[in-house]
Protein chains: 2
Amino acid sequence: MKKSSLYKGCLEPILLRLLKDNGRMYGYQMTQMVKEITKGELSITEGALYPLLHKLEEQGIVETETEMNGNRMRKYYSLTKSGKKQTSLAMEEMKAFMQSLEFIVNPKTAIG
Amino acid sequence: MKKSSLYKGCLEPILLRLLKDNGRMYGYQMTQMVKEITKGELSITEGALYPLLHKLEEQGIVETETEMNGNRMRKYYSLTKSGKKQTSLAMEEMKAFMQSLEFIVNPKTAIG
DNA sequence: TTTTATGCATAATTTTCTTATGTATTTGGA
DNA sequence: TCCAAATACATAAGAAAATTATGCATAAAA
């Protein structure tokens, strides 16, 4: 995460969301997609990304398949069955949190 | 910040927002207001709150007045002139970030 | 009367980043 | 053709920002 470096802790739910939506992705692809979706506002640093992906794999939330693209390696990540459950919970938490932030930042327009 | 402990880094903009809206507040009051506004979803821990308030004071973003309420001390914080400018910037950044999060979490309904 | 709420504060630890570095292949522009 | 940028992974050192655990003290409520 870069650009204002705000809000540590959001990287994990973001990755889970990407995997939930796209099924199977490799690390670099995630960084590019986040840049695209957010119009360059957010960019994930490799130093944050890879260690987190490894942690998620250790925890059994994601599983990997390594493939060669020409001579270059790609390590594809996808959600495990248990990972999908975790992701649903994480998404609910995230939405609740975003709603809370709305209450604080836009007390008038926020719908609750 | 508690309850899911997500999103470190949001505490500072939240406090700035509270001070911007309410003018003058003491620490404990901030914790109670956040609980109220977010319907109990977010609660600020004292270990996070007070050191941050002290940092903001050192940086000249807030200034303090200590008052006695009966026999109990209250330390009131308010934004300095420079703090108000900083707050405006922080609010813009925060909104941009929340918009980015929306793009990721709700790609269909997010308005950009 | 003893717990809960109010009100501040700090220290140790943990979590989660940034920054810097390393390796290696491929593509594109000067 | 050569060098920079992009692609693709990885890890280590350090910083930032929390949590958790204390501590002190007064007031209200059970």
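Within every chain, numbering begins at 1; the chains are lettered A, B, ... in the order of the sequence lines, protein sequences first and strands thereafter.
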TODO: Give, ordered by number, those residues of residues 61-74 of chain B having at least one heavy-atom distance below 4.0 Å to an atom of DNA chain D; if nothing qualifies, reply none.
DONE: B:N71, B:R72
Open item on the list: Between C1' on D:dT11 and NZ on A:K75, what's the gap in Å once rounded to a whole number?
Closed with: 13 Å
- [ ] For the pair A:M33 and A:N22, evaluate side chain to side chain contact (heavy atoms under 4.5 Å, CB included) and give the outcome as yes or no after the intermediate values.
- [x] CA-CA 10 Å; A:M33 189 171 282; A:N22 302 287; 3.4 Å; yes
Open item on the list: When you measure from the side-chain N and O atoms of A:Y26 to the phosphate of D:dC9, is any distance below 4.0 Å, counting only OP1 and OP2?
Closed with: no
Task: With sequence neighbours excluded, residues passing side-chain contact (heavy atoms from CB on, under 4.5 Å) with B:K35 - done: B:Q32, B:S43
Task: Partners meeting side chain to side chain donor-acceptor pair (under 3.5 Å) with B:N106 (sequence neighbours left out) - done: B:E102
Task: Nucleotide nearest B:K8 when distance is taken to its side chain, options C:dT16, D:dC9, C:dA9 - done: C:dT16
TODO: Show your reasoning for whether side chain to side chain contact (heavy atoms under 4.5 Å, CB included) applies to A:F97 and B:L42.
DONE: CA-CA 8 Å; A:F97 184 84; B:L42 300 184; 3.6 Å; yes
TODO: Let me know the distance between CG of B:L42 and C1' of D:dA18, rounded to the nearest Å.
DONE: 14 Å
Open item on the list: Can you measure A:I44 atom CD1 to C:dT19 atom P for me and round it to whole angstrom units?
Closed with: 15 Å
Open item on the list: Using a 4.5 Å cut-off between side-chain heavy atoms of Ile, Leu, Val, Met, Phe, Trp and Tyr, which other residues end up in the same hydrophobic cluster as B:M73?
Closed with: B:M68
Task: Nearest-Å distance for atom pair CD/P, residues A:Q29 and D:dA8 - done: 9 Å
TODO: Tell me, please, which residues at least two apart from A:Y26 pass ring-ring contact (aromatic ring centres under 6.0 Å, His included).
DONE: A:Y76
Task: Strand-adjacent residues in residues 49-58 of chain B, judged by heavy atoms under 4.0 Å from DNA chain C - done: B:Y50, B:P51, B:H54
TODO: Let me know the distance between CG of B:L15 and C1' of D:dA18, rounded to the nearest Å.
DONE: 13 Å
Open item on the list: Regarding A:G27, tell me which of base, sugar-phosphate or nothing describes its non-hydrogen contacts under 4.0 Å with the strands shown.
Closed with: sugar-phosphate
Please tabulate, for the side chains in residues 57-67 of chain A, all donor-acceptor contacts under 3.5 angstrom to protein atoms that are two or more places apart in sequence or on a different chain.
from	atom 1	to	atom 2	distance (Å)
A:E57	OE2	A:T64	OG1	3.0
A:E65	OE1	A:R24	NH1	2.6
A:E67	OE2	A:R24	NH1	3.3
A:E67	OE2	A:R24	NH2	3.0

Open item on the list: Strictly by ring-ring contact (aromatic ring centres under 6.0 Å, His included), give each pair with a member in residues 32-51 of chain B just once, sequence neighbours left out.
Closed with: none
Please output the side-chain donor-acceptor pairs of residues 10-19 of chain B that fall under 3.5 Å, not counting sequence neighbours, one pair per line with the distance.
from	atom 1	to	atom 2	distance (Å)
B:E12	OE1	B:K55	NZ	3.2
B:R17	NE	B:D21	OD2	3.2
B:R17	NH1	A:V105	O	3.3
B:R17	NH2	A:V105	O	3.2

Open item on the list: Under 4.0 Å, heavy atoms only, any strand: does B:E46 hit a base, just the sugar-phosphate, or nothing?
Closed with: base
- [ ] Find which nucleotide of DNA chain C each of B:Y77 and B:Q32 is nearest to by heavy atoms, and output the residue with the more 5' nucleotide.
- [x] B:Q32
Open item on the list: Can you measure A:E12 atom CD to D:dA18 atom C1' for me and round it to whole angstrom units?
Closed with: 16 Å
